[in-house]
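Both counts, for ligands and for their atoms, begin at 1 and track the order of listing.
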Amino acid sequence: MSENDKQGLKRRGFLQSSAAIAVTAAIGTLGTLAPFSLAQAADKIKVGLMLPYTGTYAGLGNAITNGFKLAVEERGGKLGGREIEYFVVDDESNPAKAPENSNKLVQRDKVDVVIGTVHSGVAMGMAKVIRESGTLWINPNAGADQVTGPLCAPNIFRTSFSNWQTTYALGKVLKAEGRKTAVFITWKYAAGEQMMAGFKEGFEKEGGKLVKELYVPFPQVEFQALLTEIASIKPDAVVAFFAGGGAAKFLKDYQAAGLKGKIPLYGSGFLTDGVLEAVGDAGEGVETTLHYADGLNTKKDNAFRLAYAKTYKLQPDVYAVQGYDAGQLLAAGLDAVKGDVSKKAAMIKAMENAKIDSPRGPFTLSKAHNPVQDMYLRKVVGKESKVQGVAWKALADPARGCKQ
Ligand code: PHB
């Protein structure tokens, strides 16, 4: 029996013990019809948004929020027949505060679902709280491999990517373009390290050699010394992971250091998504792999881009898509149980089996609850990361260590 059914029975028991026979008869009839709708239809689904709204990833948090809300608004502001109430926490991309911030939503606000976050280190802190509480979690960005690896769980879903997924296909791309040696440069934390590892694995399989790994502390943007080092190493290619404000600064510094046009620059697509307006022509020609691109020109993507631009007066990026798909995945779960979140097993099953009609292209979830998706090759042309083709069809994260 669900929590709602139990509540319904308790309520009826209470009324029957009161003396008002006529009222009892009336309520009793309603109760047998639909105890759930009496108990909960008026209540809203509590959605917790734990995202960065300040700092270098603020733009990413906002785009995810916009995308999620667009998916809800497209469904008349309701999912599974129930309205949505938002609870918002700015996690500041600060891993040290992640357990406390997660508990604000889980313990204090008692949300039905947590949507978050961007930063892999923060996601690792969330995972502990979420696994203990059993709260439903949809991760709309943070790529920490562990989340759909050793930490995978029935209540943990991701609508974005694993860090490994975003760079693994680059090895094939570099090989095809005749690059035999590469330097990887990134922030020193889980996302950068795991994207570096994914690249290394894919590149070495193709016979390439990663000659140097270069790191700057997150979220610092002092690249000068490392760019000088790259100039002296003279690799065939540079591969980078930076995102948000840090990516914009890196592209500009790469150009200013005189490396642009000399050593070709590659990366996971975060290097150029959502930042091209801010960098002049510093991004021109940069090639990246990602599960979204400009110029897909599909019916779904065109409709999404139009709706997003109309609603927010902004062009969407990969983060907006991931937030939108988090809304779509939640809708699939809630529709299946008609908004009755106490039917958790049925809801999870519906989410596991959902085929998400994403602007990136349709995708399904792996057993570990991570998207199995095409990785596009993109190239910066003007202000767009233009699709060049599919670098890897239906790429699934290996989900190493996931036992479900
Ligand atoms: C991450 O920390 O997992 C992360 C952050 C920003 C990105 C991609 C991944 O654009």
Side-chain angles (χ1 to χ4, degrees), residues 50-65 67 91-98 101 115-127 137-149 151 156 158-168 170 184-199 215-221 239-251 266-276 278 283 286 288-293 316-323 325-326 360 370-371 373 375 378 385 397:
M50 177 157 159
L51 290 161
Y53 294 106
T54 52
T56 200
Y57 287 161
L60 288 60
N62 284 317
I64 289 167
T65 305
D91 68 32
E92 304 164 40
S93 296
N94 185 342
K97 290 190 189 166
N101 281 330
I115 310 295
T117 188
V118 166
H119 186 286
S120 278
V122 177
M124 294 300 289
M126 293 174 78
W137 176 22
I138 303 178
N139 174 349
N141 188 74
D145 292 341
Q146 300 93 322
V147 166
T148 53
L151 298 178
I156 298 180
R158 181 151 58 193
T159 56
S160 50
F161 55 87
S162 72
N163 289 324
W164 177 95
Q165 258 180 329
T166 65
T167 45
Y168 181 71
L170 271 174
F184 201 102
I185 179 166
T186 186
W187 276 312
K188 180 99 189 133
Y189 83 99
E193 289 165 339
Q194 293 175 352
M195 287 186 208
M196 187 281 298
F199 168 71
Y215 294 103
V216 279
F218 177 86
Q220 286 181 26
V221 290
V239 185
F241 162 65
F242 294 105
K249 171 82 165 39
F250 181 78
L251 290 173
Y266 298 82
S268 48
F270 311 112
L271 189 60
T272 63
D273 246 66
V275 304
L276 293 175
V286 173
T288 56
T289 49
L290 203 65
H291 48 286
Y292 188 57
D317 54 20
V318 67
Y319 310 104
V321 170
Q322 294 166 172
D325 291 339
R360 76 189 82 171
N370 190 63
Q373 54 195 342
M375 283 293 150
R378 311 122 43 94
S385 297
D397 180 81

Would you check whether [X] has a nitrogen or oxygen atom less than 3.5 angstrom from a nitrogen or oxygen atom of ligand 1?
X	answer
N141	no
L60	no
Y189	yes

Nearest heavy-atom pair of [X] and [Y]: which atoms, and what distance?
X	Y	result
T288	S268	CG2-O, 3.8 Å
S120	N163	OG-ND2, 3.2 Å
G283	L276	CA-CD2, 4.3 Å
N139	V147	ND2-CG1, 4.3 Å
D145	W164	OD1-N, 3.1 Å

Who gets closest to atom 6 (C) of ligand 1 by heavy atom: F218, F242, F270, Y57?
Y57

Need the ligand 1 atom indices (1-based, order shown) with element for anything under 4.0 Å from a heavy-atom of [X].
X	answer
A142	3 (O)
G143	3 (O)
N163	3 (O)
Y319	10 (O)
A243	6 (C), 7 (C), 10 (O)

Do F218 and Y57 pass the ring pair (Phe, Tyr, Trp, His ring centres under 6.0 Å) test, and can you show the C-alpha distance, the side-chain angles, and the key distance before you say yes or no?
CA-CA 11 Å; F218 177 86; Y57 287 161; 5.3 Å; yes

Run S162 and D397 through side chain to side chain donor-acceptor pair (under 3.5 Å) and show every step you take.
CA-CA 7 Å; S162 72; D397 180 81; 2.5 Å; yes

Looking only at heavy atoms of D273, does any of them come nearer than 4.0 Å to an atom of ligand 1?
no

For the CG atom of N141 and the CG atom of L60, what is their distance to the nearest 0.5 Å?
6.0 Å

Could you tell me the residue and atom name of the protein heavy atom closest to atom 1 (C) of ligand 1, and the distance to it rounded to 0.1 Å?
V118 O, 3.1 Å

Residue and atom name of the nearest protein heavy atom (relative to atom 3 (O) of ligand 1), distance in Å to one decimal
S120 OG, 2.6 Å

